[in-house]
Amino acid sequence: MSRLQPARGTADLLPDSMAKHRLVIDAARTASARYGFQEMATPIFEFSEVFSRPLGEGSDIVTKENYSFADRGGEILTLRPENTAGVVRAMISGGLTQSLPLKYFYAGPMFRYERPQKGRMRQFHQVGIEYLGPDDSLADAEIIACGARFLASLGVLDDCELHLNSLGDGDSRAAYREALIEYLETFADQLSDDSKTRLAVNPLRILDSKDAGDRAILQDAPRLQDYLNDVSKAHFADLTAALNGAGVAWVFDPLLVRGLDYYCHTAFEFVTTSLGAQGTVLGGGRYDGLAEMLGGPKVAGVGWAAGVERLAMLVEAASVNNPKVAILTADDGARQAAFRLAEQLRDAGIDIDLPTSGAMGKKLKKADKAGVRTAVIMGTDELAKNTVQLRNLGDGSQQELPLDPDNCSGLAAAIAESLLAP
RNA sequence: GCGGGUGUAGCUCAGUUGGUUAGAGCGCCAGUUUGUGGCACUGGAGGUCGCCGGUUCAAAACCGGUCACUCGCCCCA
């Protein structure tokens with residue numbers, strides 16, 4: 001509208017939307033704590049290699065979709081586009097590979113230079129967990145169950161479907177990749193233009209192409225699950241047995257793939273149809289090769305991340321935390337006494353709003369709209385008698401109570417009682 | 001990066017084949033109510049019609065560009 005607008009792909013989080021964000025983040029924190037994940041945070045920017053090494057220096061993602069810049073010291077830095085690489089980097093640089101396994105929860109802003117769309121911002125927020133150390137499939141099961149519990153606590157799990165696939169270990173995937181390329185090359189001229197380039201750059205991604213012609217060709221393509229070796233099959237079977245035993249519903253999705261080499265075995269996404277094209281609400285998988293690619297020792301890992309904005313769109317409005325008690329002055333003679341009483345009541349643990357402008361009627365109206373339930377009304381008349389008026393904004397009843405300038409405990413008790421009433 | 005749609009008051013929107021003072025509802029402010037909210041009524045403030053340029057006697061409307069939002073593609077660590 002005017003020149004003063006937020007930068008493209010960013011948005012202010014005003015109290016109403018902030019409340020929904022907090023609801024989502026708090027639910028994730030609570031659910032992950034139940035599984036023993038501990039909250040941590042990594043810096044919002046890192047040396048660019050942290051993100052570029054696992055992806056390949058020249059990849060489109062690195063060159064076109066990151067916010068990278070040189071600082072005044074000439075270091076090349078990147079605003080984090082995701083948090084897994086940062087967590088793994090923290091594990092390596094902190095020497096934490098001595099203390100495996102590690103279970104971490106994080107929440108915070110991420111940055112990707114992409115064209116904004118519904119559920120796709122340039123600054124967005126994620127919550128996530130990373131389970132570092134175990135290669136046991138029960139670790140995969142635990143994080144998936146944790147994700148399901150998180151979504152359930154938000155009341156959105158019923159709107160989502162859990163898609164699950166196995167990418168197999170490195171050997172399995174290499175064999176499949178070869179077979180897929182061989183098959184697709186015989187159709188190379190019939191593939192969509194996008195898929196022609198994918199064939200050279202990232203052939204597995206052709207599997208989730210939306211092009212109808214591509215999909216027809218894929219009907220008879222070799223299937224990833226036929227190329228899994230015994231180790232890979234056992235890992236997947238054990239995971240699905242655990243999910244079934246715990247009652248976590250899932251669907252097999254052979255087209256759910258990850259393009260990068262450090263992924264292996266489990267890939268999963270919770271997907272909703274109610275958000276249009278950006279329907280993945282929580283996604284993750286196993287990344288046993290990532291730590292090594294970052295220059296550390298080989299450490300297995302599995303985790304997920306969820307988009308806070310997307311989940312916030314699915315959540316009903318959350319309540320904004322306003323004080324339920326306001327002190328309203330009837331005239332300027334009560335200003336200082338009101339300020340003093342407000343501080344005393346805050347010391348007593350009561351949230352107090354102290355509006356400073358407007359006539360009595362105005363203050364009451366605003367307090368009512370803001371959700372205030374009890375108003376403490378002070379004026380020079382009351383001060384002269386050392387009293388205040390305690391007004392219940394629900395039913396309009398009002399009583400005059402004594403005010404001890406040095407001890408508000410009696411008044412605090414009366415206020416607390418008034419808030420208990422329905 | 002590619003294609004479609006949309007930009008009018010704080011918000012949601014109307015605005016006739018281009019025609020002179022651009023409207024409504026909600027919200028906001030004030031009054032009816034001289035220290036007391038919700039309801040009602042009355043009045044009021046608030047807009048260079050996203051921005052720049054063009055066509056025309058005349059542009060919110062038509063044309064071009066640009067910015068933003070939006071939907072899809074791409075990408076999705």
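Each chain gets a letter, A, B and so on, in the order the sequences are listed, and its residues count up from 1. Note that the coordinates shown come from a computational prediction; the quantities given were computed from them, not determined experimentally.
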**OP:** Scan Q126(A) against the nucleic acid and name what it touches under 4.0 Å (heavy atoms): base, sugar-phosphate only, or nothing.
**Re:** nothing

Review point. Would a line drawn from the ring center of F187(A) to the ring center of Y183(A) be shorter than 6.0 Å?
Key: yes

Checking N1-N3 plus N6-O4 or O6-N4 for Watson-Crick, or N1-O2 and O6-N3 for wobble, each under 3.5 Å, the partner of U56(B) is none

Write down the distance separating the P atoms in U16(B) and U6(B), rounded off to the nearest Å.
15 Å

Contacts of M293(A) meeting side-chain contact (heavy atoms from CB on, under 4.5 Å) (sequence neighbours excluded), chain-then-number -> Y262(A)

Between L164(A) and L256(A), does a side chain to side chain contact (heavy atoms under 4.5 Å, CB included) hold up when you go through it step by step?
CA-CA 7 Å; L164(A) 187 61; L256(A) 175 59; 5.9 Å; no

Checking N1-N3 plus N6-O4 or O6-N4 for Watson-Crick, or N1-O2 and O6-N3 for wobble, each under 3.5 Å, the partner of U32(B) is A40(B)

Separation of C11(B) atom P from L14(A) atom CG, nearest Å, is 12 Å

When rounded to whole Å, the CG to P distance for the pair L364(A) and G38(B) reads 9 Å

Please report the distance separating the P of G46(B) from the corresponding atom of G7(B), rounded so that it comes out in whole Å. 25 Å

Residues at least two apart in sequence or cross-chain that pass ring pair (Phe, Tyr, Trp, His ring centres under 6.0 Å) with Y113(A), listed by chain then number, are Y67(A)

In short, side chain to side chain donor-acceptor pair (under 3.5 Å) pairs touching residues 319-334 of chain A with sequence neighbours left out are T329(A)-K363(A), D331(A)-T380(A)

- Item | G27(B) and U12(B), which share atom name P, separated by this distance in whole Å | 15 Å

Exercise. Report yes if the distance between the aromatic ring centroids of Y176(A) and Y227(A) is under 6.0 Å, otherwise no.
Key: yes

Here the distance between atom P of G37(B) and atom NZ of K365(A), to the nearest Å, is 10 Å

P atom, C62(B) versus C49(B): distance in rounded Å?
15 Å

5'-most contact on RNA chain B (nearest-nucleotide basis), K64(A) vs G394(A), goes to K64(A)

In whole Å, measure the gap between the P atoms of C28(B) and A22(B) for me. 27 Å

Using a cut-off of less than 4.0 Å, is there contact between a side-chain N or O of K362(A) and OP1 or OP2 of C29(B)? yes

Original post:
Hey, does L328(A) reach any base, or is it just sugar-phosphate, or nothing, if we go heavy atoms under 4.0 Å?
Top reply: nothing

Protein-nucleic acid N or O pairs under 3.5 Å, nucleotides 43-46 of chain B:
none

D16(A) atom CG is separated from C11(B) atom P, nearest whole Å, by 15 Å

By the Watson-Crick or G-U definition, both distances under 3.5 Å, C11(B) is matched with G25(B)

When rounded to whole Å, the NZ to P distance for the pair K363(A) and G38(B) reads 16 Å

By ring pair (Phe, Tyr, Trp, His ring centres under 6.0 Å), F69(A) pairs with (sequence neighbours left out) none

In whole Å, measure the gap between the C1' atoms of C51(B) and C69(B) for me. 15 Å

Once you apply a heavy-atom cut-off of 4.0 Å, does G283(A) come out as touching a base, just sugar-phosphate, or nothing?
nothing

To the nearest 0.5 Å, atom CH2 of W304(A) lies from atom CG of D140(A) at 14.5 Å

The side-chain contact (heavy atoms from CB on, under 4.5 Å) partners of L255(A) (sequence neighbours excluded) come to L207(A), R215(A), D253(A)

By nearest-nucleotide position on RNA chain B, the 5'-leaning member of K366(A) and L393(A) is K366(A)

Practice problem: Please measure how far the C1' atom in U66(B) lies from the corresponding atom in C26(B), and state the result in whole Å. | Solution: 33 Å

In Watson-Crick or G-U wobble terms, with both distances under 3.5 Å, the base opposite G1(B) is C73(B)

Reading nucleotides 71-77 of chain B from 5' to 3' and marking B where a protein heavy atom lies under 4.0 Å of the base, S where only the sugar-phosphate is that close, and - otherwise, the string is SBBBBSB

Mate of U6(B) across any strand shown (Watson-Crick or G-U wobble, both atom pairs under 3.5 Å) is A68(B)

Those residues at least two apart in sequence (or on a different chain) that pass ring pair (Phe, Tyr, Trp, His ring centres under 6.0 Å) with F45(A) are none

Applying the 3.5 Å cut-off to both distances, the Watson-Crick or G-U partner of C49(B) turns out to be none

Discussion item. Suppose you measure atom P in G4(B) against the same atom in C41(B); what distance do you get, rounded to whole Å?
Written reply: 48 Å

Residues at least two apart in sequence or cross-chain that pass ring pair (Phe, Tyr, Trp, His ring centres under 6.0 Å) with H21(A), listed by chain then number, are H125(A)

